[in-house]
2 protein chains.
Amino acid sequence: MTMDRVAARAGTNKNAIYRRWPHRAALGIAAYRHLTDAVMPDPDTGSLRGDALAMLRQANETWSSPYGAILRGLLAAAADDPELLTLMRERSGADTMDRAWLTMLRRAAARGEAPAAAVHLRVATTPMMLLRAEYVTRGLPSVPDQVLTEIVDEVFLPLVHGRGSGRRQALNQIENREGGGEHAQQ
Amino acid sequence: MTMDRVAARAGTNKNAIYRRWPHRAALGIAAYRHLTDAVMPDPDTGSLRGDALAMLRQANETWSSPYGAILRGLLAAAADDPELLTLMRERSGADTMDRAWLTMLRRAAARGEAPAAAVHLRVATTPMMLLRAEYVTRGLPSVPDQVLTEIVDEVFLPLVHGRGSGRRQALNQIENREGGGEHAQQ
DNA sequence: CGTATACGGTACGCGCCGTACCTTAAAAGT
DNA sequence: ACTTTTAAGGTACGGCGCGTACCGTATACG
């Protein structure tokens with residue numbers, strides 16, 4: 001993903017590219033938008049598990065594609081540039097993704113498949129966060145499907161059902177929060 | 001984190017550094033080891049919540065330090081080099097960390113604070129994975145303490161208690177696995 | 001037909017990595 | 001005490017990649 005290569009691949013030279021995009025990063029963001037605008041179909045398979053797996057599989061496929069490779073490299077290059085990172089996140093449709101997960105949870109709650117307390121942003125974003133972290137720790141462009149099912153079956157679904165379904169942990173959390181909550185920030 | 005700067009800061013020049021470490025990455029790995037060897041005290045606060053928070057806080061502090069900044073930059077630079085990444089992970093004591101989380105869960109299970117089914121690698125690694133993903137999505141340098149408590153209270157503890165505590169989701173998962181398990185890989 | 005705007009091409013400066021060559025000081029051997 | 005081996009510091013270079021400046025050329029507009 002060098003500018004020279006991009007230019008060569010486009011049949012021209014760097015100059016034409018720098019006329020349209022100020023930075024290398026801007027080009028990457030544009031590529032990302034172009035990539036994400038195409039897809040993201042808000043799956044509705046009828047079960048929470050099916051929806052979650054569909055989302056994860058689609059995301060995994062996206063990030064494994066050649067575009068994804070470019071994206072990952074670009075993201076890595078921008079790791080030390082906070083403002084660039086926020087720009088990428090803003091324009092990347094990441095919160096569109098989060099909203100999709102939330103509506104997915106709402107549908108599940110409406111079906112009685114999940115407690116209402118599971119409709120929570122932190123819960124909704126957890127699977128994608130885990131997938132992202134998996135990308136970071138592995139060097140690989142693709143995550144095996146087994147990992148995706150494990151994220152869903154061993155973490156996401158137990159988490160969804162663990163929230164609000166018991167009174168024991170609710171009490172636990174309340175009484176423990178007394179001792180830990182006021183550390184908030186330093 | 002340029003080699004010239006490192007050399008200048010060490011009061012010498014690049015040459016001496018390249019005599020000891022073959023790559024820039026090797027230097028970073030050494031720095032990481034030097035960093036992680038010092039700490040990691042396997043906290044035992046008496047409650048699962050306290051232990052988890054202690055681990056997360058300590059990790060957050062570590063990654064926010066100047067060393068952490070170097071590490072993050074280095075990790076970003078190595079994002080497209082799988083063999084280097086595995087080398088970093090092998091020598092980084094990441095699985096030491098995972099083991100610490102597992103023993104933490106075992107202690108909690110022994111105290112009756114968590115079901116035995118919660119002693120699971122995927123569960124144990126989840127909080128650190130979430131923290132890592134938080135670092136990726138934010139520009140960092142540091143994650144506010146509120147996020148850490150949210151990871152623990154909204155995800156980790158419900159997840160721990162959600163596993164094995166109910167028979168409904170167990171059945172759910174079994175019957176659903178019929179329809180999804182054999183997708184394994186493509 | 002002259003002019004303005006956009007495009008293609010070459011070349012350059014800067015920063016950084018990694019290496020090669022040279023000089024100098026300390027350690028080891030005789 | 002003198003020589004030789006070894007380790008260290010210093011300078012310079014080649015390569016790569018980003019971003020910019022300068023130059024030539026084609027197409028649109030008055």
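Numbers restart at 1 for each chain; the letters A, B, ... are given by sequence-line order, proteins then strands. In what follows, every heavy atom counts, from backbone to side chain, and hydrogens, waters and symmetry copies are set aside. Model, not experiment: these values are computed from the prediction.
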### Query
Where the side chain of A:Asn13 is defined as all heavy atoms beyond and including C-beta, which of C:dG18, C:dG8, D:dG10 is the nearest nucleotide?
C:dG8
## Note on the structure
Out of D:dA8, C:dG9, C:dC17, minimum distance to the side chain of B:Arg19 belongs to D:dA8
Interatomic distance where [atom1] belongs to [X] and [atom2] belongs to [N] [whole Å]:
X       : N      : atom1 : atom2 : value
A:Ile17 : D:dT20 : CD1   : P     : 13 Å
B:Leu27 : C:dC17 : CG    : C1'   : 13 Å
B:Met3  : C:dT19 : CE    : C1'   : 12 Å
A:Asp4  : D:dT20 : CG    : C1'   : 13 Å
B:Asn15 : C:dA25 : CG    : C1'   : 16 Å
B:Arg24 : D:dG15 : CZ    : P     : 22 Å
A:Lys14 : D:dC16 : NZ    : C1'   : 11 Å

### Query
Any donor and acceptor pair, going by atom type alone, linking the side chain of A:Glu154 with main-chain N or O of B:Arg122 inside 3.5 Å?
no
### Query
Is there a donor-acceptor pair closer than 3.5 Å between any side-chain N or O of A:Asp51 and the backbone N or O of A:Thr45?
yes
### Query
If only side-chain N and O atoms of A:Thr12 are considered, is one of them under 4.0 Å from the OP1 or OP2 phosphate oxygen of C:dG8?
yes
### Side-chain N or O of B:Arg20 closer than 4.0 Å to phosphate OP1/OP2 of D:dA8
yes
### Query
What is the distance from atom CH2 of A:Trp101 to atom OG1 of A:Thr126, rounded to the nearest 0.5 Å?
9.5 Å
### Message
Within this structure, what is the CD-CG distance for the pair A:Gln146 and A:Asp153, rounded to the nearest 0.5 Å?
### Response
11.0 Å
